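Keep in mind the model is a prediction, meaning the values are calculated, not measured. Proteins come first, then strands; the chains are lettered A, B, ... in the order of their sequence lines, and each starts at number 1.
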2 protein chains.
Amino acid sequence: MPRAGLSHDAVVRLALEVVDEGGVRGYADLTLAKVAAKAGVAAPSLYKHVGSLADLRREVALIAVREVTAAATSATVGRAGPDALHALGSAWRSYAHAHPGRYAATQIGPDPDDPADAEPRAAAAESVRVVGAVLQGFGLPDDRLIDAIRAVRAGVHGFVTLELGGGFRMREDVDQSFGVLLDMLVAGVTTLATPSAPLDHDTAGSLR
Amino acid sequence: MPRAGLSHDAVVRLALEVVDEGGVRGYADLTLAKVAAKAGVAAPSLYKHVGSLADLRREVALIAVREVTAAATSATVGRAGPDALHALGSAWRSYAHAHPGRYAATQIGPDPDDPADAEPRAAAAESVRVVGAVLQGFGLPDDRLIDAIRAVRAGVHGFVTLELGGGFRMREDVDQSFGVLLDMLVAGVTTLATPSAPLDHDTAGSLR
DNA sequence: CGCGTTGGCTAATGGGCGTAGCTTTATGGC
DNA sequence: GCCATAAAGCTACGCCCATTAGCCAACGCG
């Protein structure tokens, strides 16, 4: 009985293939059985290389988060201000287009209490830091930076998830809409940075 | 052997309970076995009232979408402009807070081709129409309305999903951040509506 | 060469969905 | 009041998946 020559990394690699081949649902539909089939191996054999399906998912998600972060980082080196923000958003969206299954893996928030989720947690924090670094260039007051980061993340992530989920009909205009969103975010962040602060949010009354 | 007195609606109601009790993961973890247990009935008995788990999920999602739409609608009656947009966003987010599991159900995009998804499709379109109606009040040019709708949906939906997924640490400031986001959206849409259109998006070069 | 480690395997358990077919309950017409 | 029939349960089963246990063969180092 010949050996398949698997390894931890090989299994993860195959899992990534399964995820990639499954489109948007690739991550949700990731299954040990599929990985085993792709490896030409019985399903239980995978346990020699991987702790559980949950572990494998965690690892795939970790890779995905790091890849988005890397894409965002490398897209923004040498850029600043609106230029950098546009590059960040476009890189983020491009990654999601190129790897919809992996991007979906990104959406599973790590458990703040589970020690096994420490790495994913750190990776997520790192990806947020990239957004923060780009927004630093706008000269925001310290107490507004977090609001700006959240707005940008919400806008870009929300757009991408809606788009991948088929939430936008009339497909043609989506690029334009994303450009408009980025422009709105740039304008919003810029306004937030101006000392006169027209966007100063009246906390009372606007919520609940 | 006494009868449980189930019905289609009763099963759906129990499914909603299961979803509600499961928190954010309630919808993902919805299972016929759990519904059956809650009904005090063997799992196969449910098939007398429901076609399949997929059908039940579809129905739960449909209800959730309609509820968000209703919340958004009733929050915006009698309001216009920035006021209406704030009310819309806050109602949307409040619904997600009150029913995280149901809101998660909302995120599964209906299959554009599946005839069984016709109702969910229509319900989703209706919810988009509410956003559109609110944005009409800003006097946008026709060809910009769709961009504005998408930006608002992306911002609000993205914020809520990130929040529910535990994407925001430092919980205290989240309300403030959401207020800032809404202000940014208001400002962005307003600018988009002004004839001089400083936000006119330069299509070339900003994407990819 | 030998032997331990390692990477496969099969078998089996448990849980979930879904189908088939049986039985009992409720109901409504006579 | 009786009985036929439809509706609402049930058990038994098949299939798919994850996971555990325990076995055996291959590889690699001495």
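- With hydrogens and angles disregarded, no donor-acceptor distance shorter than 3.5 Å links the side chain of S45(B) to the backbone of V41(B).
- Phosphate contact (OP1/OP2 of dT6(C), side-chain N/O of H49(A), threshold under 4.0 Å): absent.
- Each of dG7(C), dC17(C), dC17(D) was ranked by its minimum atom distance to the side chain of A33(A); first place goes to dC17(D).
- We find that CG of D29(A) is positioned 16 Å from C1' of dA18(D), with the value rounded to whole Å.
- Between R57(B) atom CZ and dG18(C) atom C1' the separation is 15 Å, expressed in whole Å.
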Pairs under 3.5 Å (N/O, protein and nucleotides 12-14 of chain C):
none

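- Whole-Å rounding puts the L32(B) CG to dC16(D) C1' distance at 15 Å.
- Note on R93(B) versus D175(B): salt bridge recorded, some NZ/NE/NH1/NH2 to OD/OE distance being below 4.0 Å.
- Scanning both residues, A193(A) and F138(A), for their nearest heavy atoms gives CB-O, 3.2 Å.
- Atom-to-atom, CG of L6(A) to P of dC27(D) comes out at 14 Å; the value is rounded to the nearest Å.
- Look at NZ on K34(B): it is 14 Å from C1' on dC17(C), rounded to the nearest Å.
- Rounded to whole Å, the distance from NZ on K48(B) to P on dT23(C) is 13 Å.
- Straight-line distance from the OH atom of Y47(A) to the P atom of dC17(D): 12 Å, rounded to whole Å.
- Out of dA18(D), dC9(C), dG9(D), the shortest distance to the side chain of A4(B) is found at dG9(D).
- When the options V19(B), V18(B), L14(B) are evaluated for a side-chain contact (heavy atoms from CB on, under 4.5 Å) with K34(B), the one that passes is V18(B).
- Among the heavy atoms of the strands, none lies under 4.0 Å from A43(B).
- Note: L162(A) CG to R153(B) CZ = 5.0 Å, rounded to the nearest 0.5 Å.
- Nearest-nucleotide assignment on DNA chain C puts the 5′-proximal partner with A42(A), out of G51(B) and A42(A).
- Comparing atom distances between the S52(B) side chain and each of dC17(C), dG18(C), dG8(C) picks out dG18(C) as nearest.
- Neither OP1 nor OP2 of dG15(C) sits under 4.0 Å from any side-chain N or O of T31(B).
- For residues 19-74 of chain B, no pair satisfies ring-ring contact (aromatic ring centres under 6.0 Å, His included), with sequence neighbours left out.
- Put simply, S45(A) has a side-chain N or O that comes within less than 4.0 Å of OP1 or OP2 on dC9(C).
- As rounded to whole Å, 12 Å separates atom C1' of dG18(C) from atom CG of D55(B).
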**Request:** Begin from the C-alpha positions of R121(B) and D113(B) and carry the test salt bridge (charged side-chain N to carboxylate O under 4.0 Å, His left out) through to its verdict.
**Result:** CA-CA 10 Å; R121(B) 224 155 36 224; D113(B) 301 325; over 6 Å; no

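- Counting atom types as modelled, R3(B) pairs a side-chain N or O with a base atom of dA7(D) as donor and acceptor under 3.5 Å.
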